[in-house]
Amino acid sequence: MQKQHLLKKFGYLYGITSICQPVMAQQIQTEQPNIILILADDMGYGDVSFNNPFARTQTPHIDQLAQNSLNFTDAHAGGAVSIPSRYGLLTGRYFFRSEPPAAYWGYLPPLIEENRETIGSVLQKAGYTTACIGKWHLGVNWSLKDPTQPQVINQKKLDYTNTDFSKPVQNSPNQKGFDYSFILPASLDMPPYVFIRNGNVIDPEIILTADLYPNELDRTIYAWDKKHTTENDIFWDRGVWWRNGEMSASFKVEDCLDIIVEEGMQFIKDHVGSKKDNPFMLYLPLTGPHTPWMPNQTFEGTSELGTYGDFISQIDYVVYQINTLIKELDIEENTMVIFTSDNGSPWEEEDTQLYGHASNAPWRGQKGDAWEGGHRVPLFIKWPQKIKQAQTYIHTVSLIDFLATFADMTHQNLNSKNAEDSFSFYPAIQGDLNTPSRDLLI
């Protein structure tokens with residue numbers, strides 16, 4: 001596998017040395033697309049109605065994207081849960097090659113090593129302005145009130161910690177290849193519930209989630225996922241729960257997804273308004289449909305599947321918002337819109353029976369499993385300038401392959417110390433649908 005990767009690199013190096021005419025270099029530059037990578041959180045392959053004729057979730061906007069895209073039918077995340085998947089997507093290497101984290105929830109230290117290439121840093125070298133807006137879950141260095149004490153004092157009960165939210169964090173996405181960042185540290189059911197813009201917590205006034213939200217409602221009926229919570233946490237219904245812990249006083253769980261999407265759209269507007277001739281890359285990792293299932297009022301009660309279906313509809317609407325915006329800004333033709341998910345849905349057999357919906361259909365298993373339902377994900381790429389009609393690529397790819405693909409697309413060579421597990425599928429984007437890009441994945 002490594003040998004194949006190196007042969008690809010040296011073969012490509014030979015090819016690029018023959019390109020020396022300025023006209024050709026100018027053509028290469030002008031062909032660089034804007035990139036918007038939308039990463040859903042815990043959305044199963046079968047949650048996309050384009051993939052599942054029996055789905056009780058409806059995703060008309062993702063389906064429309066698929067109908068004008070290159071559809072990867074055998075795409076896999078780099079792991080069956082959030083951290084390994086996101087690490088792999090950004091770095092082009094399997095997470096088992098790195099040190100496992102030794103911290104709690106959103107208080108993780110940085111998991112991407114110093115000086116490691118990411119999709120952000122590779123595209124920066126190609127002249128892109130890069131942004132990471134949404135769920136990070138790859139750690140930062142937090143400042144402490146008392147450096148002589150541990151950050152999380154009581155590991156069994158997440159209460160107030162030793163974190164100093166008034167001071168900047170270090171090793172945020174801004175140090176990992178992103179010019180601009182606006183992040184939630186981890187999942188939306190894990191403290192701390194704060195937004196961090198370019199290394200600074202937006203609202204450092206901290207309360208506990210239980211100060212604002214009741215632990216349960218009068219209508220609460222416990223479901224199997226109650227096991228993930230304690231008596232101090234918030235549990236309102238199946239899928240509607242989050243852990244008690246530190247939260248900015250102005251933070252609203254129910255508004256989080258909307259704020260992230262608005263921030264992402266504003267980045268696009270600002271960039272096009274000031275640097276339209278330069279490409280941008282927006283990495284937009286959403287917070288849903290991961291727990292808590294908290295659709296906004298527009299989508300509440302709109303689905304036959306209940307709260308989960310409502311939340312899927314809101315995720316679907318994000319795709320509509322992004323596609324509408326790039327049309328309004330007249331950048332659709334040379335903008336690559338990518339939609340995928342970080343792993344499968346945590347959908348038990350009990351859920352399939354209760355809701356009459358198979359979130360990971362047609363694959364066996366769920367989030368966290370080695371079965372395909374844990375890591376096989378929807379993947380659609382729309383780029384009108386290059387992909388003229390709907391196409392299907394049936395060969396195996398991984399989200400880990402994005403780094404090599406972007407490097408290939410921007411005519412860069414990767415050294416052997418970076419992205420060692422990443423294989424370019426750029427030839428498929430260019431129209432070669434018959435050649436596998438990798439032999440296997442782990």
Side-chain angles (χ1 to χ4, degrees), residues 39 41 82-83 86-87 89-91 95 98-121 124 129-155 158-209 242-253 255-256 259-260 263-264 266-267 282-287:
L39 184 71
D41 194 1
S82 182
I83 291 174
R86 290 159 197 272
Y87 177 90
L89 188 157
L90 291 185
T91 66
F95 185 62
S98 67
E99 292 293 326
Y104 299 88
W105 311 124
Y107 302 100
L108 293 167
L111 301 181
I112 297 177
E113 300 84 355
E114 292 283 340
N115 301 317
R116 182 160 303 287
E117 294 280 19
T118 67
I119 59 172
S121 63
Q124 280 180 330
T129 299
T130 59
C132 171
I133 298 175
K135 171 183 169 180
W136 179 237
H137 215 172
L138 289 170
V140 296
N141 285 128
W142 297 93
S143 296
L144 302 181
K145 298 173 183 175
D146 182 353
T148 67
Q149 297 297 317
Q151 183 176 11
V152 179
I153 299 169
N154 187 346
Q155 299 174 359
L158 282 177
D159 205 316
Y160 288 104
T161 69
N162 188 28
T163 309
D164 189 342
F165 293 97
S166 68
K167 294 181 180 178
V169 303
Q170 304 299 321
N171 282 306
S172 72
N174 298 80
Q175 285 76 51
K176 305 300 179 183
F178 295 96
D179 298 300
Y180 178 81
S181 69
F182 179 91
I183 62 168
L184 183 73
S187 300
L188 192 50
D189 59 10
M190 301 177 182
Y193 304 95
V194 298
F195 286 125
I196 304 172
R197 176 183 279 121
N198 293 330
N200 294 290
V201 175
I202 291 176
D203 179 5
E205 181 184 350
I206 300 299
I207 62 174
L208 296 178
T209 54
W242 59 101
R243 296 169 180 88
N244 185 34
E246 292 175 305
M247 179 175 75
S248 291
S250 60
F251 191 93
K252 299 292 186 292
V253 173
D255 294 337
C256 181
I259 290 172
I260 286 170
E263 188 79 17
Q266 191 61 51
F267 166 79
L282 169 60
Y283 170 50
L284 188 65
L286 308 178
T287 53

Side-chain heavy atoms of [X] within contact of [Y], under 4.5 Å:
X      : Y      : result
Ser172 : Phe178 : no
Phe267 : Asp179 : no
Pro173 : Trp136 : yes
Cys132 : Ile183 : yes
Val169 : Asn141 : no

Reported [atom1]-to-[atom2] distance for the pair [X] and [Y], which is rounded to 0.5 angstrom:
X      : Y      : atom1 : atom2 : value
Leu138 : Tyr87  : CG    : OH    : 9.5 Å
Leu111 : Phe95  : CG    : CZ    : 5.0 Å
Ser181 : Ile196 : OG    : CD1   : 8.0 Å
Leu284 : Leu39  : CG    : CG    : 9.0 Å
Asn174 : Lys176 : CG    : NZ    : 11.0 Å
Phe251 : Ile206 : CZ    : CD1   : 10.5 Å

Which heavy atom of [X] sits nearest to which heavy atom of [Y], and what is that distance?
X      : Y      : answer
Lys252 : Ala249 : NZ-O, 4.0 Å
Val253 : Trp242 : CG2-NE1, 3.8 Å
Pro191 : Trp105 : O-CB, 3.5 Å
Ile202 : Phe182 : CD1-CE1, 3.2 Å
Ile133 : Pro285 : O-CD, 3.1 Å
Met247 : Thr209 : SD-CG2, 3.7 Å

Going by salt bridge (charged side-chain N to carboxylate O under 4.0 Å, His left out), name the pairs with one or both residues in [range], residues two or more places apart or in two chains.
range            : answer
residues 196-207 : Arg197-Glu263
residues 102-114 : Arg93-Glu113, Glu113-Arg116
residues 132-150 : Asp41-Lys135

Residues Leu90, Tyr283; criterion side chain to side chain contact (heavy atoms under 4.5 Å, CB included); working and verdict
CA-CA 10 Å; Leu90 291 185; Tyr283 170 50; 3.9 Å; yes

Dump the intermediate steps for side chain to side chain contact (heavy atoms under 4.5 Å, CB included) on Leu108 and His137, then the final yes or no.
CA-CA 8 Å; Leu108 293 167; His137 215 172; 3.7 Å; yes

Please check this pair: side chain of [X] against backbone of [Y], looking for a donor-acceptor N/O pair closer than 3.5 Å.
X      : Y      : result
Thr130 : Gly177 : yes
Arg243 : Asp189 : yes
Asn171 : Pro110 : no
Ser143 : Pro168 : yes
Ser121 : Glu117 : no

List the residues meeting ring pair (Phe, Tyr, Trp, His ring centres under 6.0 Å) with [X], not counting sequence neighbours, and say none if there are none.
X      : answer
Tyr107 : none
Trp142 : Phe165
Tyr180 : none

Using only heavy-atom distances, determine whether the side chains of Thr161 and Gln151 contain a donor-acceptor pair under 3.5 Å.
no

